[in-house]
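We name chains A, B, ... by the order of the sequence lines, and we start the count at 1 in each one.
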Number of protein chains: 2
Amino acid sequence: MPRKASRKTPAKSPDIRTVAALAKVSIATVSRTINGSPVVSERLAKRVWQAIHELGYLPNTHARTLVSGRSRLFGIIVENITNPFFPELIQSFEEVAVAHGYEILVSSSNSNPAILTTCVRRMLERKVDGVAVMTFGEEEPVLDQLMHRKIPIVLAEFKLQDPHCSTILLDYRSGIHAAVRHLAGLGHRHIAFLAGPHTLHSALTRENDFRAAMKTAGLPIQKNWIVECDHTLKGGVNGFDQLQALATRPTAIVCSNDMTAIGVLRAAFMKGLQVPKDLSVIGLDDIDFAEFTLPPLTTIRLSRADLARAAFEALRQQAEDPSNPHLQREFLVSTSLVMRGSTAPPVAD
Amino acid sequence: MPRKASRKTPAKSPDIRTVAALAKVSIATVSRTINGSPVVSERLAKRVWQAIHELGYLPNTHARTLVSGRSRLFGIIVENITNPFFPELIQSFEEVAVAHGYEILVSSSNSNPAILTTCVRRMLERKVDGVAVMTFGEEEPVLDQLMHRKIPIVLAEFKLQDPHCSTILLDYRSGIHAAVRHLAGLGHRHIAFLAGPHTLHSALTRENDFRAAMKTAGLPIQKNWIVECDHTLKGGVNGFDQLQALATRPTAIVCSNDMTAIGVLRAAFMKGLQVPKDLSVIGLDDIDFAEFTLPPLTTIRLSRADLARAAFEALRQQAEDPSNPHLQREFLVSTSLVMRGSTAPPVAD
DNA sequence: GATCGCAATAACATCGTTTTCACACACGCA
DNA sequence: TGCGTGTGTGAAAACGATGTTATTGCGATC
């Protein structure tokens, strides 16, 4: 029975010394017990744990970090936290990180290099053990800061020749090819692509994969049917408007991400077009919202959980076992088409 | 091996000693310079800053925290990071925090007390200077942990009798009254309310304000037109379905948040109902998506930026100036109706 | 010209851990 | 009995900053 020592306000939270005193051992033994060192005898370990619980003792991570040199903190920088893809990614990343005893530091760069720079700086100050850079953009100059200090990095889609940098390759091919095949099967020949900003690696890759898929399907690519727009709701609206202004219009639009696709849905509605009767739309990401648009969005699924797991694993390996010769430097996450209600055969001309 | 030829230095990042040596001053002077102490002569300060830049020195926050007792870290716990309201809130909170030299630790409790407990524990370990608990729920038992350790807390909507706890009152009245008035003006008499889960303070407050508004407008409240559902897309679908199962149906639905409203939009569409012709819908929050639903959602705006600023300010005051006698313990954030396309006069009976 | 006062700087203890190293002790073996 | 040989523990030195206290330099005072 834990006897409650009725002390007056202890004012300070208990530290390792308090625990040691209560358990009648040295602080070294307490430390070893907490960290699961095998050399502590069971008899003492039991006493120590009891004291820890009795006091509600929590180790001070700052002191710990200071001496061990490891913070058990991973940074994650996302492109834009306002795009639901990223909160979902963060959530998964946090889950797996916490399960392994890590904490995460989240920052959103808003595709702004200046902000990205301050994010990196702050993470450096907090001595993160690694950073997941999920911005999909041209961040090399900033990354130098990290590489120079030999902080493990994991990037998406972009390989960096650095011993502390891993990459997660996103295989859009499967998903995008399936999407184009699906549209072609429905009878579409006039397919447009709403590309993301060319400053993003992901946008470029997606666009290239779209071109390849069209070629494979034997479909012509019309130059001004590939339009560049922001990966946002508004971007989708603008992209759609550009397409509508054309003399000949596509019967289907594949979008570089779900946000633009939802923007297209909205813009088409405003123009009196009915999706999918008058226009087929396909997104990419499969954010939670995609299932709830009007009509439900057919989209190419990119698993946040898979991406998050890969990113964490890449960081963990580098942080905990940097000298391992067969450390995995490349990870692969694939995509697939999920069919909902935003695609249908084109209206007969 | 691309290792740089720096065998002499063990590749350690520069510390305060390095700076002191380069600037030929004591480490105390470096520390004072960094912290803007006025007692350092300009001559030395200049030398110190130059050395700092030359070395790319960044102070170690852990060492700093250890001795100063302040981490300059604020925790923010949100109900559900998957609801776009919260990322937007986090973004604003991060902005203002960073501007004041604070870092933030984000966690999502997913309305799960067990998860909330571990969030709090992790924040305690990281020695946060304060926690913004934006879960709107029944978290008192968990909060005890924080109060007991005298960590500043800021809550939304719920007052706690504790010297280290501030509250942000959300004034839904103005917005909800405007919404009901708006519907009444359109001719609606049969108005339903999709309430959030009764475990959330916010849901309760919103529901009560709705009842009051209906009374003020002289409209009857029918008991089974107030239905409780999750604050999620799916929750909205379920809520709508329940309402549809009723013998007499409302002509308008006010929702406890935008996610449920968007769910209603989706469910109505699936049932062949046209919004706003057949049914008017009003949401609450005004998340970015609300402008892009079909039709665009009329909703009650609750400013994330205002809420974030208030939360930060509450925490900052308590953390930096706890003995100030006129420390502000209560903050107010108001709401307002923003009209879009999801409301219209009811069809004539 | 020695003493005082004050400003600027340095020395040093401190924060709460981990980790290294030394020691005490029991054990088997010559 | 004396001597390694492991075990399990504890004492003490880091870790990198911040205060607090001591020291220095220097002009003003009597």
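- Atoms CD1 (I34(B)) and P (dT9(C)) sit 16 Å apart, rounded to a whole Å.
- Looking only at distances, no side-chain donor or acceptor of S31(B) sits under 3.5 Å from a matching main-chain atom of I27(B).
- When atom types are taken as modelled, the side chain of T167(B) and the backbone of L155(B) share no donor-acceptor pair closer than 3.5 angstrom.
- Inspection of the E95(B) and Q91(B) side chains reveals no N or O donor paired with an N or O acceptor under 3.5 Å.
- In the helix from dG1(C)-dC30(D) to dA30(C)-dT1(D), the terminal helix axes, each the rotation mapping four pairs' C1' atoms onto the next four within five end pairs, subtend 70°, rounded to 10°.
- Between R122(B) and E125(B) no salt bridge is recorded (no basic side-chain N to carboxylate O distance below 4.0 Å).
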Quick one, give me the B/S/- string for nucleotides 5-17 of chain D, reading 5' to 3', where B means a protein heavy atom under 4.0 Å from the base and S means that only happens at the primed atoms, P, OP1 or OP2. ---SBBB---BBB

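- Judged purely by atom type and a 3.5 angstrom limit, H62(B) has no side-chain atom pairing as donor or acceptor with the backbone of A63(A).
- In this structure, the side chain of R329(A) engages the main chain of P163(A) through a donor-acceptor pair within 3.5 Å.
- With R72(B) contributing its side chain and G101(B) its backbone, the two residues share a donor-acceptor pair below 3.5 Å.
- In summary, the side chains of S166(A) and Q318(A) do present a donor paired with an acceptor at a separation below 3.5 Å, with no hydrogens or angles considered.
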